[in-house]
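Below: one structure, written as structure tokens.
Treat the numbers as computed from the prediction; the structure is a model and nothing was measured.
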Amino acid sequence: MNRKTGTLAVIAIIAITVFGFISYSSYRNSEEATVERLATALIEKDTETVKQYMPSYSNKKKISKNARTVFYQQVKKMKKEQVVKLLKKEGHFTIEEGSSFRKPAQIYPTARFLVIELPKGTELRASIQGQEVSGDYVEDWNKYTFGPFLPGEYDVVYEMAHPKFGAKEAKETVDLNSEDQRLTVKENSLYEGNQAFQKHLLASAVNYFDSFNQGIRDGLNVSQLIASKEHKEEMKTGFDQLKPYLKSFDQQFQNIKIDCDSISVNNGQTKVQLDLYIDLKRSMQLVEEVGIDEALFSDRQNAIASLVYEEEQKKWLIDELDFNTYQQDPEKWEHVKSYHSENEQKAHWDKDGAAEVV
């Protein structure tokens with residue numbers, strides 16, 4: 001091999017090497033290879049590589065650590081080919097070619113937002129993919145805006161706290177692939193199926209009848225009755241008028257149930273009505289002057305209960321009990337909250353001053 005031939009061979013080798021390097025770099029920096037590498041980095045939670053190939057949203061806004069974390073939680077349930085398909089979706093992600101063989105292609109997600117709008121006075125805590133998130137709050141509309149997030153489907157859990165209805169948790173799967181989403185919480189959803197609210201109403205009924213029993217033992221003095229002011233006054237007036245004609249008065253119960261499906265709230269959120277069952281037994285003996293020797297009994301057990309909200313006490317209190325309603329079998333109620341006392345709760349008063357303690 002002469003000098004000229006050797007020189008040509010060296011040049012050819014250099015040219016092939018350079019061409020091969022450029023070809024490899026072109027492939028390495030191509031859109032296809034970038035998507036493959038980013039998909040792997042997302043699955044492996046390789047944050048540095050993710051930042052390299054997905055540096056910001058398409059609007060050039062920074063991708064927060066929280067947004068990446070919730071996106072990791074989404075892709076961990078996916079296979080690599082599914083992640084690749086997601087990254088290639090037009091309108092969801094934008095792929096830009098590398099500007100040179102040394103700069104790779106980059107992928108820019110479209111920023112997505114979630115808005116949750118609530119009835120006035122309702123507070124909110126939310127988590128997405130198990131990660132607690134905070135949102136921008138607009139008081140005039142009582143709405144929270146969460147984001148931006150990367151396109152995808154997210155599991156959202158949010159707890160609403162209302163001063164009159166208590167706390168309630170809701171779960172949604174929100175699709176943020178193609179567009180932003182808005183969740184509007186209606187007022188009735190705050191109390192329908194709300195376990196805390198139902199327990200509160202049952203407790204109000206139990207407290208009412210417990211305090212009624214105590215009032216009987218205290219000489220038919222219902223001044224401490226746990227009820228609305230108006231109802232308490234009505235009961236006090238009734239007993240004041242009836243007491244001169246009574247020889248004795250007895251009351252007992254052991255079980256109280258409310259039909260949760262019957263709960264209704266008025267538009268002003270000031271009054272609640274529901275169907276109530278109590279195994280209540282009442283009897284009274286009148287003084288001889290009345291001319292009725294036998295005891296008078298009442299065993300009506302179904303009532304329509306009305307409760308009003310007491311602002312100062314922050315409680316719902318019994319305002320009216322209408323026992324003039326049709327008989328219902330609580331065993332046929334589908335959703336029930338129940339109270340059962342280990343022993344019968346008894347109260348006795350008689351004119352001679354003897355009282356029975358529970």
Legend entry - Other residues, nucleotides, ligands: >12 heavy atoms within 6.0 Å of Lys199 NZ: no

Legend entry - Distance-minimising heavy-atom pair for Phe323 and Leu280: CZ-CD2, 4.1 Å

Inset, instruction - Specify whether Phe149 and Tyr154 have parallel, tilted or perpendicular ring planes, treating 30° as the upper limit for parallel and 60° as the lower limit for perpendicular. - result: tilted

Legend entry - For Ile263 against Gln198, the heavy-atom pair lying closest together: CD1-CG, 3.9 Å

Legend entry - Any donor-acceptor N or O pair under 3.5 Å, side chains Asp218, Gln214: yes

Inset, instruction - Would you indicate whether Glu81, at its atom CD, is surrounded by more than 12 heavy atoms from other residues, nucleotides or ligands within a distance under 6.0 Å? - result: yes

Legend entry - Approximate separation, where rounding is to 0.5 Å, of Leu202 CG and Leu276 CG: 8.5 Å

Inset, instruction - Determine yes or no for a side-chain-to-main-chain donor-acceptor pair under 3.5 angstrom, with Thr122 supplying the side chain and Leu118 the backbone. - result: no

Inset, instruction - Taking Lys257 for its side chain and His340 for its backbone only, find out whether a donor-acceptor pair lies under 3.5 Å. - result: no

Inset, instruction - Evaluate whether atom NZ of Lys79 has more than 12 neighbouring non-hydrogen atoms of other residues, nucleotides or ligands under 6.0 angstrom away. - result: no

Inset, instruction - For side chain to side chain donor-acceptor pair (under 3.5 Å), just list the numbers for Asp175 and Gln181, CA-CA rounded to whole Å, side-chain angles, deciding distance to a tenth of an Å, and then say yes or no. - result: CA-CA 7 Å; Asp175 187 351; Gln181 295 292 339; 5.7 Å; no

Inset, instruction - May I ask you to check whether Ser306 and Gln273 show a side-chain donor-acceptor distance below 3.5 Å? - result: yes

Inset, instruction - Applying side chain to side chain donor-acceptor pair (under 3.5 Å), run through Asp261 and His335 and close with a yes or a no. - result: CA-CA 6 Å; Asp261 293 327; His335 299 104; 3.0 Å; yes

Inset, instruction - Could you please spell out the steps behind the side-chain contact (heavy atoms from CB on, under 4.5 Å) verdict for Lys351 and Ser248? - result: CA-CA 6 Å; Lys351 201 173 185 67; Ser248 66; over 6 Å; no

Inset, instruction - For this output row, return yes or no: ring centroids of Phe249 and Phe239 closer than 6.0 angstrom. - result: yes

Legend entry - For the student: nearest non-hydrogen atoms of Lys120 and Glu139, plus distance: NZ-O, 3.3 Å

Legend entry - Pro148 backbone acceptor or donor facing Tyr57 side chain under 3.5 Å: yes

Inset, instruction - Group every Ile, Leu, Val, Met, Phe, Trp and Tyr by side-chain heavy-atom contacts under 4.5 Å, then state whether Val115 and Leu190 land in the same group. - result: no

Inset, instruction - For the pair Phe212 and Tyr208, name the ring-plane relationship: parallel under 30°, tilted 30 to 60°, perpendicular over 60°. - result: perpendicular

Legend entry - Flag if over 12 foreign heavy atoms under 6.0 Å of CG, Asn267: no

Inset, instruction - Could you tell me whether the side chain of Asp279 and the main chain of Gln254 form a donor-acceptor pair under 3.5 Å? - result: yes

Legend entry - Pair Arg125, Tyr158: side-chain N/O donor-acceptor within cut-off below 3.5 Å: no

Inset, instruction - Return yes if some donor-acceptor pair links the side-chain N/O of Arg300 with the main-chain N/O of Thr325 below 3.5 Å, else return no. - result: no

Legend entry - Ser223 side chain to Asn221 side chain, donor-acceptor N/O pair below 3.5 angstrom: yes

Inset, instruction - Report yes or no: does Ser127 contribute a side-chain atom to a donor-acceptor pair with the main-chain N or O of Gly130 at less than 3.5 Å? - result: no

Legend entry - NZ (Lys229) with more than 12 external heavy atoms under 6.0 Å: no

Legend entry - Backbone of Phe165 reached by a side-chain donor or acceptor of Asn194 within 3.5 Å: yes

Legend entry - pair Val185-Met160: side-chain heavy atoms closer than 4.5 Å: yes

Inset, instruction - In sequence, state the C-alpha distance, the side-chain angles, and the governing distance for Asn266 and Thr270, and then conclude on side chain to side chain donor-acceptor pair (under 3.5 Å). - result: CA-CA 7 Å; Asn266 69 343; Thr270 58; 2.8 Å; yes

Inset, instruction - Answer yes or no: is there a donor N or O on one side and an acceptor on the other, between the side chain of Trp316 and the main chain of Lys164, under 3.5 Å? - result: yes

Inset, instruction - Could you tell me whether Arg182 and Glu117 have a side-chain N and a carboxylate O separated by less than 4.0 Å? - result: yes

Legend entry - Candidate pair Gln106 and Glu96, rule side chain to side chain donor-acceptor pair (under 3.5 Å), full reasoning: CA-CA 5 Å; Gln106 290 182 318; Glu96 291 187 3; over 6 Å; no

Legend entry - Within 6.0 angstrom of Lys65 NZ, more than 12 heavy atoms from elsewhere: no

Inset, instruction - May I ask you to decide whether Lys88 forms a salt bridge with Glu32, counting only side-chain N to carboxylate O separations under 4.0 Å? - result: yes

Inset, instruction - Return the orientation label for the Phe93 and Phe71 ring planes: parallel under 30°, perpendicular over 60°, tilted otherwise. - result: tilted

Inset, instruction - Locate the shortest heavy-atom distance separating Lys51 from Arg68; write the atom from each residue and the value. - result: CE-NH2, 3.3 Å

Inset, instruction - Look at atom CZ of Arg282 and say whether more than 12 heavy atoms of other residues, nucleotides or ligands are closer to it than 6.0 Å. - result: yes

Legend entry - Pair Gln74, Lys77: side-chain N/O donor-acceptor within cut-off below 3.5 Å: no

Inset, instruction - Considering only NZ, NE, NH1 and NH2 on the basic side and carboxylate oxygens on the acidic side, decide whether Glu179 and Arg112 come within less than 4.0 Å. - result: no

Inset, instruction - Return yes when atom CD of Glu169 has more than 12 non-hydrogen atoms of other residues, nucleotides or ligands closer than 6.0 Å, and no otherwise. - result: yes

